[in-house]
Amino acid sequence: MALPITEIKIKKLKMRLKHSFSTSFGSVKDKEFFLIEARDGEGNCGYGESVAFEVPWYTEETVKTVFHMMEDYLIPILQMECLTHPQDVSNIFKPIKRNHMAKAAIEGAIWDLYAKREGVSLARALGGERKKIEVGIAIGIQPTINELLHTIDQAFQEGYKRIKIKIKPGYDIKVLREVRWHFPSIPLMVDANSAYTLDDIEHLKQLDEFDLMMIEQPLSDDDIMDHAKLQSVIHTPVCLDESIHSLEDVKMAYELGSCRIINIKPGRVGGLTEAKRIHDYCKEKDIHVWCGGMLETGVGRAQNIALASLPQFTLPGDISSSSRYWEKDIIYPEIVARNGMIEVPDQPGIGYQLDEEKVDHFLEWEKVYQL
Ligand SMILES: O=C(O)CCC(=O)c1ccccc1C(=O)O
Ligand SMILES: [Mg+2]
(Lines give C-alpha, C1' and ligand atoms only; values in the text may rest on other atoms or scores of the structure.)
(Ligands and ions follow the chains in the order given, each with its own letter.)
Protein backbone atom coordinates (compact mmCIF):
# COMPACT_ATOMS: atom_id res chain seq x y z
CA MET A 1 0.00 0.00 0.00
CA ALA A 2 1.19 3.49 -0.76
CA LEU A 3 1.91 6.04 1.94
CA PRO A 4 0.90 9.25 0.14
CA ILE A 5 2.34 12.41 1.66
CA THR A 6 0.96 15.59 0.15
CA GLU A 7 2.57 18.22 2.34
CA ILE A 8 5.41 18.82 4.78
CA LYS A 9 5.27 21.83 7.06
CA ILE A 10 8.23 23.08 9.08
CA LYS A 11 7.41 25.19 12.13
CA LYS A 12 10.25 26.95 13.91
CA LEU A 13 9.59 27.24 17.64
CA LYS A 14 11.50 28.68 20.56
CA MET A 15 10.67 27.67 24.11
CA ARG A 16 12.31 28.62 27.37
CA LEU A 17 13.25 25.78 29.71
CA LYS A 18 12.07 26.13 33.31
CA HIS A 19 15.68 25.81 34.46
CA SER A 20 18.79 25.96 32.31
CA PHE A 21 20.32 22.52 31.81
CA SER A 22 24.10 22.28 32.35
CA THR A 23 26.49 19.57 31.23
CA SER A 24 30.28 19.21 31.00
CA PHE A 25 30.39 21.48 27.92
CA GLY A 26 27.85 24.21 28.59
CA SER A 27 24.20 24.95 29.25
CA VAL A 28 20.90 25.30 27.42
CA LYS A 29 18.25 27.81 28.47
CA ASP A 30 16.19 28.38 25.35
CA LYS A 31 15.25 25.46 23.16
CA GLU A 32 15.04 26.27 19.46
CA PHE A 33 13.69 23.47 17.33
CA PHE A 34 11.49 22.48 14.42
CA LEU A 35 8.09 20.91 14.69
CA ILE A 36 7.52 18.90 11.51
CA GLU A 37 4.05 18.13 10.18
CA ALA A 38 3.48 15.49 7.48
CA ARG A 39 0.01 15.42 5.90
CA ASP A 40 -1.68 12.88 3.62
CA GLY A 41 -4.52 14.95 2.11
CA GLU A 42 -7.07 12.70 3.86
CA GLY A 43 -7.08 14.68 7.09
CA ASN A 44 -4.24 12.86 8.84
CA CYS A 45 -1.22 14.68 10.20
CA GLY A 46 1.94 13.20 11.70
CA TYR A 47 4.33 15.13 13.96
CA GLY A 48 8.07 15.04 14.39
CA GLU A 49 10.54 17.16 16.39
CA SER A 50 14.15 18.06 15.63
CA VAL A 51 16.55 17.66 18.56
CA ALA A 52 19.67 19.53 17.42
CA PHE A 53 20.79 22.41 19.62
CA GLU A 54 21.92 25.86 18.50
CA VAL A 55 25.57 25.04 19.21
CA PRO A 56 27.20 21.79 18.02
CA TRP A 57 28.51 20.62 21.40
CA TYR A 58 26.67 17.33 21.54
CA THR A 59 27.08 16.24 17.93
CA GLU A 60 27.99 18.28 14.85
CA GLU A 61 24.43 19.24 13.91
CA THR A 62 22.83 22.57 14.77
CA VAL A 63 19.39 24.15 14.37
CA LYS A 64 20.64 25.84 11.19
CA THR A 65 22.18 22.73 9.62
CA VAL A 66 18.97 20.81 10.30
CA PHE A 67 16.92 23.37 8.40
CA HIS A 68 19.44 23.49 5.55
CA MET A 69 19.37 19.69 5.20
CA MET A 70 15.60 19.42 5.38
CA GLU A 71 14.89 22.21 2.91
CA ASP A 72 17.72 21.72 0.42
CA TYR A 73 18.11 17.94 0.37
CA LEU A 74 15.65 15.83 2.33
CA ILE A 75 12.32 17.38 1.31
CA PRO A 76 13.38 17.43 -2.39
CA ILE A 77 14.04 13.67 -2.06
CA LEU A 78 10.55 13.17 -0.65
CA GLN A 79 9.19 15.17 -3.60
CA MET A 80 10.84 12.70 -6.00
CA GLU A 81 10.14 9.37 -4.29
CA CYS A 82 7.01 7.38 -3.45
CA LEU A 83 6.84 5.71 -0.06
CA THR A 84 5.01 2.58 0.95
CA HIS A 85 6.20 2.43 4.56
CA PRO A 86 8.10 4.72 6.97
CA GLN A 87 10.94 2.20 6.87
CA ASP A 88 11.60 3.41 3.30
CA VAL A 89 12.56 6.87 4.54
CA SER A 90 16.01 5.96 5.86
CA ASN A 91 16.78 4.22 2.56
CA ILE A 92 15.81 7.13 0.34
CA PHE A 93 17.78 9.51 2.60
CA LYS A 94 20.93 7.32 2.34
CA PRO A 95 22.57 9.42 -0.43
CA ILE A 96 22.77 12.25 2.11
CA LYS A 97 25.52 11.47 4.61
CA ARG A 98 24.83 11.61 8.36
CA ASN A 99 22.79 14.68 9.40
CA HIS A 100 20.82 12.23 11.49
CA MET A 101 18.82 14.75 13.49
CA ALA A 102 17.47 16.38 10.32
CA LYS A 103 16.51 12.96 8.92
CA ALA A 104 14.97 11.79 12.19
CA ALA A 105 12.76 14.88 12.52
CA ILE A 106 11.11 14.19 9.16
CA GLU A 107 11.08 10.42 9.57
CA GLY A 108 9.39 10.77 12.98
CA ALA A 109 6.55 12.80 11.44
CA ILE A 110 6.14 10.15 8.73
CA TRP A 111 6.07 7.30 11.29
CA ASP A 112 3.35 9.15 13.21
CA LEU A 113 1.37 9.78 10.02
CA TYR A 114 1.67 6.10 9.06
CA ALA A 115 0.47 4.89 12.48
CA LYS A 116 -2.50 7.30 12.36
CA ARG A 117 -3.45 6.07 8.87
CA GLU A 118 -3.28 2.49 10.12
CA GLY A 119 -5.30 3.39 13.20
CA VAL A 120 -2.65 1.99 15.56
CA SER A 121 -0.46 3.55 18.21
CA LEU A 122 3.07 4.49 17.20
CA ALA A 123 4.26 2.08 19.89
CA ARG A 124 2.34 -0.76 18.27
CA ALA A 125 3.50 0.25 14.77
CA LEU A 126 7.11 -0.02 15.98
CA GLY A 127 6.53 -3.41 17.59
CA GLY A 128 6.26 -2.15 21.17
CA GLU A 129 4.70 -4.40 23.77
CA ARG A 130 4.85 -2.57 27.08
CA LYS A 131 1.78 -0.75 28.40
CA LYS A 132 3.90 1.30 30.81
CA ILE A 133 7.56 2.25 30.77
CA GLU A 134 9.94 2.88 33.64
CA VAL A 135 11.57 6.28 33.62
CA GLY A 136 14.39 8.07 35.37
CA ILE A 137 15.56 11.61 35.66
CA ALA A 138 18.65 13.40 34.34
CA ILE A 139 19.98 16.15 36.59
CA GLY A 140 22.29 18.74 35.07
CA ILE A 141 25.39 20.05 36.82
CA GLN A 142 24.12 22.10 39.78
CA PRO A 143 25.63 25.32 41.19
CA THR A 144 26.02 23.76 44.65
CA ILE A 145 26.06 20.30 46.20
CA ASN A 146 23.08 21.23 48.34
CA GLU A 147 21.01 22.03 45.28
CA LEU A 148 22.01 18.71 43.76
CA LEU A 149 21.08 16.80 46.90
CA HIS A 150 17.77 18.63 47.08
CA THR A 151 16.96 17.85 43.42
CA ILE A 152 17.83 14.19 43.90
CA ASP A 153 15.66 14.00 46.98
CA GLN A 154 12.74 15.53 45.11
CA ALA A 155 13.13 13.22 42.12
CA PHE A 156 13.33 10.22 44.39
CA GLN A 157 10.21 11.29 46.30
CA GLU A 158 8.38 11.64 42.99
CA GLY A 159 9.23 8.00 42.37
CA TYR A 160 11.67 8.21 39.46
CA LYS A 161 13.28 4.80 38.97
CA ARG A 162 16.85 6.01 38.68
CA ILE A 163 18.82 9.18 39.03
CA LYS A 164 21.39 10.29 36.48
CA ILE A 165 23.80 13.05 37.37
CA LYS A 166 26.16 14.84 35.04
CA ILE A 167 29.83 14.78 35.96
CA LYS A 168 33.03 16.42 34.70
CA PRO A 169 36.62 16.62 35.94
CA GLY A 170 36.52 18.47 39.27
CA TYR A 171 32.83 17.66 39.73
CA ASP A 172 32.84 13.90 40.14
CA ILE A 173 34.34 11.85 42.98
CA LYS A 174 33.70 14.42 45.70
CA VAL A 175 30.15 14.93 44.46
CA LEU A 176 29.47 11.20 44.31
CA ARG A 177 30.82 10.74 47.81
CA GLU A 178 28.30 13.31 49.07
CA VAL A 179 25.46 11.82 47.07
CA ARG A 180 26.18 8.29 48.28
CA TRP A 181 26.53 9.50 51.85
CA HIS A 182 23.00 10.91 51.73
CA PHE A 183 21.46 8.31 49.40
CA PRO A 184 23.37 5.06 49.95
CA SER A 185 21.09 2.80 47.92
CA ILE A 186 19.29 4.79 45.18
CA PRO A 187 19.74 3.50 41.61
CA LEU A 188 22.36 6.00 40.45
CA MET A 189 24.31 6.57 37.23
CA VAL A 190 26.55 9.29 35.83
CA ASP A 191 26.95 10.92 32.39
CA ALA A 192 30.24 12.63 31.47
CA ASN A 193 29.39 13.76 27.92
CA SER A 194 32.94 12.98 26.77
CA ALA A 195 34.70 15.02 29.46
CA TYR A 196 37.55 12.52 30.11
CA THR A 197 40.40 10.87 28.21
CA LEU A 198 42.36 7.64 28.72
CA ASP A 199 44.84 9.68 30.78
CA ASP A 200 42.11 9.74 33.43
CA ILE A 201 41.93 5.94 33.70
CA GLU A 202 43.21 5.77 37.29
CA HIS A 203 40.84 8.55 38.26
CA LEU A 204 37.87 6.85 36.59
CA LYS A 205 38.62 3.57 38.38
CA GLN A 206 37.52 5.33 41.59
CA LEU A 207 33.96 5.35 40.23
CA ASP A 208 33.76 1.63 40.99
CA GLU A 209 33.31 2.29 44.69
CA PHE A 210 29.94 4.02 44.20
CA ASP A 211 27.86 1.09 42.95
CA LEU A 212 26.77 2.98 39.82
CA MET A 213 24.39 1.41 37.30
CA MET A 214 26.69 2.74 34.58
CA ILE A 215 28.91 5.58 33.40
CA GLU A 216 27.59 7.15 30.21
CA GLN A 217 30.00 8.40 27.52
CA PRO A 218 33.11 9.05 29.62
CA LEU A 219 35.49 9.41 26.63
CA SER A 220 35.58 11.15 23.27
CA ASP A 221 32.33 11.55 21.36
CA ASP A 222 33.50 9.61 18.31
CA ASP A 223 35.56 7.01 20.10
CA ILE A 224 34.88 3.29 20.31
CA MET A 225 38.41 1.93 20.82
CA ASP A 226 39.41 3.80 23.99
CA HIS A 227 36.11 2.96 25.64
CA ALA A 228 37.00 -0.73 25.17
CA LYS A 229 40.31 -0.14 26.97
CA LEU A 230 38.48 1.63 29.77
CA GLN A 231 35.72 -1.00 30.08
CA SER A 232 38.36 -3.73 30.40
CA VAL A 233 39.76 -2.13 33.58
CA ILE A 234 36.66 -0.79 35.37
CA HIS A 235 33.78 -2.77 36.84
CA THR A 236 31.17 -0.05 36.34
CA PRO A 237 29.35 -0.78 33.07
CA VAL A 238 30.13 1.74 30.33
CA CYS A 239 27.14 3.05 28.34
CA LEU A 240 27.70 4.72 24.97
CA ASP A 241 25.66 7.75 23.89
CA GLU A 242 27.49 10.22 21.56
CA SER A 243 29.65 7.46 19.97
CA ILE A 244 26.67 5.56 18.56
CA HIS A 245 25.34 6.90 15.25
CA SER A 246 24.16 3.65 13.65
CA LEU A 247 23.76 -0.09 14.02
CA GLU A 248 27.26 -0.48 12.57
CA ASP A 249 28.69 1.53 15.49
CA VAL A 250 26.82 -0.71 17.93
CA LYS A 251 28.22 -3.83 16.27
CA MET A 252 31.74 -2.45 16.52
CA ALA A 253 31.25 -1.52 20.17
CA TYR A 254 29.91 -5.00 20.89
CA GLU A 255 32.74 -6.78 19.10
CA LEU A 256 35.38 -4.66 20.82
CA GLY A 257 33.74 -4.75 24.27
CA SER A 258 33.50 -0.96 24.43
CA CYS A 259 30.35 -0.92 26.56
CA ARG A 260 27.73 -3.10 28.17
CA ILE A 261 24.80 -0.74 27.70
CA ILE A 262 23.55 1.43 24.82
CA ASN A 263 21.63 4.70 25.06
CA ILE A 264 19.37 4.96 22.00
CA LYS A 265 18.17 8.38 20.83
CA PRO A 266 16.26 8.39 17.54
CA GLY A 267 17.68 11.81 16.64
CA ARG A 268 21.28 10.67 17.02
CA VAL A 269 20.90 7.53 14.90
CA GLY A 270 18.81 9.00 12.04
CA GLY A 271 15.33 8.03 13.14
CA LEU A 272 13.01 5.41 14.59
CA THR A 273 13.77 2.80 11.93
CA GLU A 274 17.49 2.77 12.75
CA ALA A 275 16.65 2.92 16.47
CA LYS A 276 14.55 -0.21 16.02
CA ARG A 277 17.32 -1.99 14.08
CA ILE A 278 19.72 -1.22 16.94
CA HIS A 279 17.14 -2.43 19.43
CA ASP A 280 16.67 -5.72 17.55
CA TYR A 281 20.42 -6.36 17.40
CA CYS A 282 20.81 -5.58 21.11
CA LYS A 283 17.97 -7.96 21.91
CA GLU A 284 19.72 -10.71 19.99
CA LYS A 285 23.04 -10.02 21.75
CA ASP A 286 21.48 -9.39 25.16
CA ILE A 287 22.83 -5.83 25.38
CA HIS A 288 20.67 -3.67 27.64
CA VAL A 289 19.32 -0.49 26.10
CA TRP A 290 17.45 2.58 27.32
CA CYS A 291 16.01 5.63 25.64
CA GLY A 292 17.94 8.87 26.04
CA GLY A 293 16.52 12.37 25.96
CA MET A 294 17.39 15.68 24.29
CA LEU A 295 15.27 18.05 26.38
CA GLU A 296 12.40 17.44 23.99
CA THR A 297 8.95 18.95 24.07
CA GLY A 298 5.97 16.64 24.19
CA VAL A 299 6.20 15.59 20.54
CA GLY A 300 9.73 14.17 20.78
CA ARG A 301 8.98 12.83 24.23
CA ALA A 302 5.89 10.99 22.94
CA GLN A 303 7.99 9.39 20.18
CA ASN A 304 10.52 8.29 22.80
CA ILE A 305 7.76 6.75 24.91
CA ALA A 306 6.57 4.73 21.91
CA LEU A 307 10.13 3.56 21.19
CA ALA A 308 10.79 2.66 24.82
CA SER A 309 7.81 0.29 24.76
CA LEU A 310 9.94 -2.17 22.75
CA PRO A 311 11.05 -5.19 24.79
CA GLN A 312 14.81 -4.65 24.99
CA PHE A 313 14.40 -1.22 26.63
CA THR A 314 15.09 -2.93 29.94
CA LEU A 315 16.48 0.10 31.78
CA PRO A 316 14.63 3.30 32.75
CA GLY A 317 15.06 6.05 30.15
CA ASP A 318 15.58 9.84 30.38
CA ILE A 319 11.88 10.48 29.77
CA SER A 320 10.52 12.62 32.57
CA SER A 321 7.24 14.51 32.96
CA SER A 322 6.65 17.49 30.65
CA SER A 323 6.56 19.69 33.74
CA ARG A 324 10.20 18.86 34.57
CA TYR A 325 11.32 21.04 31.69
CA TRP A 326 8.35 23.11 30.52
CA GLU A 327 6.02 25.62 32.11
CA LYS A 328 3.53 24.57 29.43
CA ASP A 329 4.09 21.78 26.94
CA ILE A 330 2.76 21.94 23.36
CA ILE A 331 0.76 18.72 23.68
CA TYR A 332 -2.21 17.62 25.73
CA PRO A 333 -2.58 15.80 27.92
CA GLU A 334 0.90 16.67 29.19
CA ILE A 335 3.21 13.74 29.81
CA VAL A 336 3.14 12.69 33.43
CA ALA A 337 5.35 10.18 35.18
CA ARG A 338 3.61 8.64 38.18
CA ASN A 339 5.78 6.64 40.52
CA GLY A 340 8.46 6.55 37.86
CA MET A 341 6.13 5.05 35.25
CA ILE A 342 4.64 6.57 32.10
CA GLU A 343 1.69 4.94 30.40
CA VAL A 344 2.15 4.16 26.73
CA PRO A 345 -0.86 5.63 24.91
CA ASP A 346 -2.91 3.26 22.75
CA GLN A 347 -4.62 5.93 20.62
CA PRO A 348 -3.45 6.18 16.99
CA GLY A 349 0.01 7.64 16.38
CA ILE A 350 1.91 9.38 19.16
CA GLY A 351 -1.31 9.36 21.16
CA TYR A 352 -1.19 13.00 22.27
CA GLN A 353 -2.90 16.02 20.69
CA LEU A 354 -1.08 19.16 19.61
CA ASP A 355 -2.10 22.24 21.57
CA GLU A 356 -2.30 24.62 18.59
CA GLU A 357 -2.62 27.67 20.81
CA LYS A 358 0.64 26.87 22.56
CA VAL A 359 2.32 26.05 19.26
CA ASP A 360 1.26 29.45 17.90
CA HIS A 361 2.48 31.12 21.06
CA PHE A 362 6.01 29.73 20.62
CA LEU A 363 6.03 29.92 16.80
CA GLU A 364 8.70 32.10 15.13
CA TRP A 365 7.89 31.20 11.52
CA GLU A 366 6.64 28.38 9.33
CA LYS A 367 7.16 27.11 5.80
CA VAL A 368 5.10 24.71 3.70
CA TYR A 369 6.30 22.28 1.00
CA GLN A 370 3.94 20.49 -1.39
CA LEU A 371 5.02 16.99 -2.35
O1 LIG B 1 16.29 14.57 30.18
C2 LIG B 1 16.75 14.63 29.04
O3 LIG B 1 16.05 15.00 28.06
C4 LIG B 1 18.17 14.20 28.80
C5 LIG B 1 19.19 15.01 29.48
C6 LIG B 1 20.58 14.71 28.99
O7 LIG B 1 21.28 13.98 29.66
C8 LIG B 1 21.06 15.35 27.77
C9 LIG B 1 20.49 16.55 27.41
C10 LIG B 1 20.92 17.23 26.31
C11 LIG B 1 21.91 16.70 25.53
C12 LIG B 1 22.50 15.49 25.85
C13 LIG B 1 22.07 14.78 26.96
C14 LIG B 1 22.69 13.45 27.20
O15 LIG B 1 22.05 12.43 27.42
O16 LIG B 1 23.92 13.36 27.11
MG1 LIG C 1 24.38 11.34 27.47
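Keep in mind that what you see is a predicted model, and the values were worked out from it rather than measured. In listed order, ligands and their atoms are each counted from 1.
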Measure from NZ or CZ of Arg16 to the centre of the six-membered ring of Trp326 and say whether it is under 6.0 Å with the direction within 45° of the ring axis.
-> no
Could you check atom 11 (C) of ligand 1 against the protein and tell me its nearest heavy-atom contact, residue, atom and distance included?
-> Trp57 CH2, 3.3 Å
Pair Asp112 + Lys116: basic N to acidic O under 4.0 Å = yes
Part of Glu216 with heavy atoms under 4.0 Å of ligand 1, whether side chain, backbone, both or neither = side chain
Heavy atom of the protein closest to atom 1 (O) of ligand 1 (residue, atom name, distance) = Tyr325 OH, 2.5 Å
Examine the proximity of ligand 1 to Ile137 and report which part, side chain or backbone, both or neither, has a heavy atom under 4.0 Å away.
-> neither
Quick one: does ligand 1 sit under 4.0 Å from the side chain of Thr23, the backbone, both or neither, non-hydrogen atoms only?
-> neither
In plain terms, say whether Arg117 and Glu42 are close enough for a salt bridge, that is, a side-chain N and a carboxylate O under 4.0 Å apart.
-> yes
Looking only at heavy atoms, is any part of Ile319 under 4.0 Å from ligand 1, and if so is it the side chain, the backbone, or both, or is it neither?
-> neither
Taking atom CD of Glu364 as the centre, report whether more than 12 heavy atoms of other residues, nucleotides or ligands fall under 6.0 Å from it.
-> yes
Check whether the side chains of His288 and Arg260 place a donor and an acceptor atom closer than 3.5 Å, and report yes or no.
-> no
Considering only N, O or S atoms of Glu216, the one closest to the Mg ion (ligand 2) | OE2
The atom of Asp191 among N, O or S that is nearest the Mg ion (ligand 2) is OD2
Heavy-atom contact under 4.0 Å between Lys166 and ligand 1?
-> yes
Among the heavy atoms of Lys265, does any lie under 4.0 Å from an atom of ligand 1?
-> yes
